[in-house]
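Read through the structure below, which is laid out as structure tokens, and then see the notes.
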Amino acid sequence: MATNRNYDFIIAGAGAAGLSLAWNLLHRKELKGRSILLADRTLKPLRDKTWCFWDDSHVPFRDLIHHTWETLAVRFPDAQFSETLKTYRYHCVRSDDYAGKILEMARNSPSVTLLEADIEGFEFKSENPDENRGSDEIGGSDESSTSDEAGTSDKKGTAVMHSSEGPFTAGHIFQSALRPPGFHQLKLDLSLLQHFAGWHIRTEKEVFDPGTATFMDFDVPQDNGFTFFYVLPFSRRDALVEYTLFSPEVISDEAYRQGLEEYIEQRCGLAPGSYEIEYTEKGVIPMEDRRYPARYCRNVWNMGTMGGLTKPSTGYTFTRIQHHTSAIADALSRGKNPPDKIMSPYRFRVYDMLLLYNLHRDPETSVTIFRELFRNNRFDRILRFLEEHTWFHQDLRIMASVPWMPFFRAIYGMKHRILTGA
Ligand SMILES: Cc1cc2nc3c(=O)[nH]c(=O)nc-3n(C[C@H](O)[C@H](O)[C@H](O)COP(=O)(O)OP(=O)(O)OC[C@H]3O[C@@H](n4cnc5c(N)ncnc54)[C@H](O)[C@@H]3O)c2cc1C
């Protein structure tokens, strides 16, 4: 039980983003000794996610990488491509390893207090009582604090986290638990769900190649939306097989089960009963063109999924979280406020919208777009583009390699957003 009620920093939500920020704050010598409250409804390391990524430049805990693949394969009904990566590697981290290691580090740090509680809301309390009038409701958004000096905003007031264990205050709160206020009023034209179910299976037979990950296998029925499987083999006898769909609605548990059984039987030659299911995971990731605000209210910053860090066209979030939390810790260690700009650059927001438009309207054509993308480009180039690390002339080469017509249609359909800052 946390007896102290006031901290330098509160991290509200101890998932991918909250734990990464805790790690970063504990590794900045300039922030040594600053008090941190790390809050979540549960602080037990859970194995409920397997995070894959390829840009490891800001992943500080490399020893947590569970497996790395050098070769990626993609498959379509009429074509297959595979390539050994030159620049990148495809990595995965298990959520229980990640949480176990970082929570242990937090428990051993005298400056960190752990709190298991339900987080209910946030607000900013100004030292000037006049300023608090009218902003008493939990979650009132206030973007007016633009000072870049962390010390300056600390003096003007305090951020409050309301929880089932009562209120806690801090100079800065970083939250990944709650949707920002006004979420449903944010401009939204395109909204899809990336939903998936995965089985980690173990077999007697040696059927997998642990050096090659199947990045996307589209040679499967596309009846329920844009559908693919991916396979992450950890050894010759075990792999995570994941059934992924982009569609407006999730499907039933029975439909996931049936899809996984059929795929494993047809692609891996493993009939039901000939393998053990060691672990299952399920998830839903929003793929939307909503522009999330950087702050929940003054001195409360949004992070992770709640900060809008999910790339709308792919659902990849993990690497963006690592970049963001590292930038927050860098700013704080220089005595500055965290960055208010967490959105992708304009041109990448437009590309995401155009692809999302096609994924939404025309899943079949989208499979063709992906086929031509992988047929005509090196995998490293595609990954760099998805990571938003390409130059404009490189983007043009990639765009020239896929069918144009669907993108012209998407530009027309989304012109009202493209012309108003995306
Ligand atoms: C199964 C799954 C697999 C994924 N795989 C990948 C991948 O391979 N690559 C990739 O880039 N992205 C992936 N993602 C997307 C994204 O990286 C993850 O969702 C990531 O966990 C997001 O981090 P986060 O910190 O924003 O949210 P979370 O990790 O979900 O953390 C939020 C935390 O807040 C806590 N919390 C929420 N509400 C409250 C409350 N009211 N009170 C107290 N605590 C609360 C939760 O308990 C949780 O610990 C995956 C997502 C899922 C669901």
Side-chain angles (χ1 to χ4, degrees), residues 10-24 37-56 58-59 65-67 69 90-96 98-99 102-103 106 114-122 138-139 161-165 168 173-180 193-200 213 215-216 230-232 240 242-244 250 256 279-287 292 296 301-325 328 342 383 386-388:
I10 293 177
I11 301 176
L19 291 173
S20 172
L21 181 64
W23 194 98
N24 275 291
L37 180 71
L38 179 59
D40 200 295
R41 58 164 68 102
T42 172
L43 289 164
K44 285 180 201 67
L46 299 176
R47 184 173 179 199
D48 58 356
K49 297 183 187 90
T50 310
W51 292 300
C52 289
F53 55 97
W54 51 92
D55 172 12
D56 58 9
H58 276 80
V59 178
I65 290 174
H66 179 69
H67 197 93
W69 297 270
Y90 198 58
H91 306 289
C92 84
V93 165
R94 283 171 37 167
S95 57
D96 51 341
Y98 182 85
I102 302 174
L103 285 171
L114 299 180
L115 173 73
E116 281 198 345
D118 270 327
I119 298 160
E120 292 163 354
F122 306 96
I138 294 170
M161 176 182 82
H162 294 276
S163 79
S164 53
E165 296 294 327
F168 293 86
I173 296 180
F174 302 96
Q175 81 88 16
S176 51
L178 304 184
R179 283 180 170 166
L193 298 177
Q194 176 174 154
H195 51 104
F196 43 89
W199 290 354
H200 182 171
F215 191 55
M216 292 171 147
Y230 63 85
V231 184
L232 305 176
L240 179 65
E242 201 108 6
Y243 178 15
T244 306
V250 300
Y256 286 126
Y279 153 80
T280 63
E281 74 176 26
K282 241 179 101 173
V284 180
I285 304 176
M287 299 170 70
Y292 284 64
Y296 187 101
W301 274 264
N302 300 318
M303 299 191 301
T305 305
M306 297 306 165
L309 286 177
T310 299
K311 187 164 171 69
S313 59
T314 63
Y316 280 101
T317 322
F318 190 74
T319 310
R320 293 151 77 97
I321 285 175
Q322 306 310 327
H323 283 268
H324 185 220
T325 55
I328 292 173
I342 52 176
L383 297 181
L386 295 178
E387 214 51 76
E388 304 181 356

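Ligands are counted one by one from 1 in listed order, and the atoms in each one are counted from 1 as well. Residues take their numbers from the sequence shown, with the count starting at 1.
Taking a 4.0 Å cut-off on heavy atoms, T310 fails to register as neighbouring ligand 1. Under a 4.0 angstrom heavy-atom cut-off, R320 registers as lying outside contact with ligand 1. Heavy atoms of W51 approach ligand 1 to within less than 4.0 angstrom. Taking a 4.0 Å cut-off on heavy atoms, L309 fails to register as neighbouring ligand 1. Judged by the shortest distance from any of its heavy atoms, T42 lies outside the 4.0 Å radius around the atoms of ligand 1. Assignment of A117 to the shell around ligand 1 is supported, since a heavy atom sits closer than 4.0 Å.
The OG1 atom of T50 lies 14.0 Å from the OH atom of Y98; values are rounded to the nearest 0.5 Å.
Side-chain atoms of Y256 and H195, non-hydrogen and from C-beta on, do get closer than 4.5 Å to each other. Between H91 and H67 there is no side-chain heavy-atom pair separated by less than 4.5 Å.
Checked against a 3.5 angstrom limit, the closest N/O atoms of A16 and ligand 1 fall inside it. Among the atoms of E281, none of the N or O lies under 3.5 angstrom from an N or O of ligand 1. For the pair T305 and ligand 1, the shortest N or O to N or O distance falls below 3.5 Å. Residue G13 has no nitrogen or oxygen atom sitting less than 3.5 Å from a nitrogen or oxygen atom of ligand 1, judged on distance alone. Considering backbone and side-chain N/O of T50, one or more are found under 3.5 Å from N/O of ligand 1.
Among all non-hydrogen protein atoms, the one lying nearest atom 42 (N) of ligand 1 is I119 N, 2.8 Å. Closest to atom 25 (O) of ligand 1, if we only count protein heavy atoms, is A17 N, 2.8 Å. In this structure, the protein non-hydrogen atom closest to atom 33 (C) of ligand 1 is D40 OD2, 3.5 Å.
Contacts of F53 with ligand 1, taken as heavy-atom pairs under 4.0 Å, are absent altogether. Residue A14 touches ligand 1 through its backbone alone, judged by heavy-atom distances below 4.0 Å. Contacts with ligand 1 closer than 4.0 Å are made by side-chain heavy atoms of I321 only, the backbone lying farther away.
The D48 neighbourhood of ligand 1 comprises atoms 1 (C), with distances under 4.0 Å to a heavy atom of that residue.
Proximity annotation for atom 7 (C) of ligand 1: of C52, A12, C92, S20, C52 comes nearest, heavy atoms only. When A177, G18, G304 are ranked by how near their heavy atoms come to atom 38 (N) of ligand 1, first place goes to A177.
A donor-acceptor pair shorter than 3.5 Å cannot be found between the side chains of H200 and R94.
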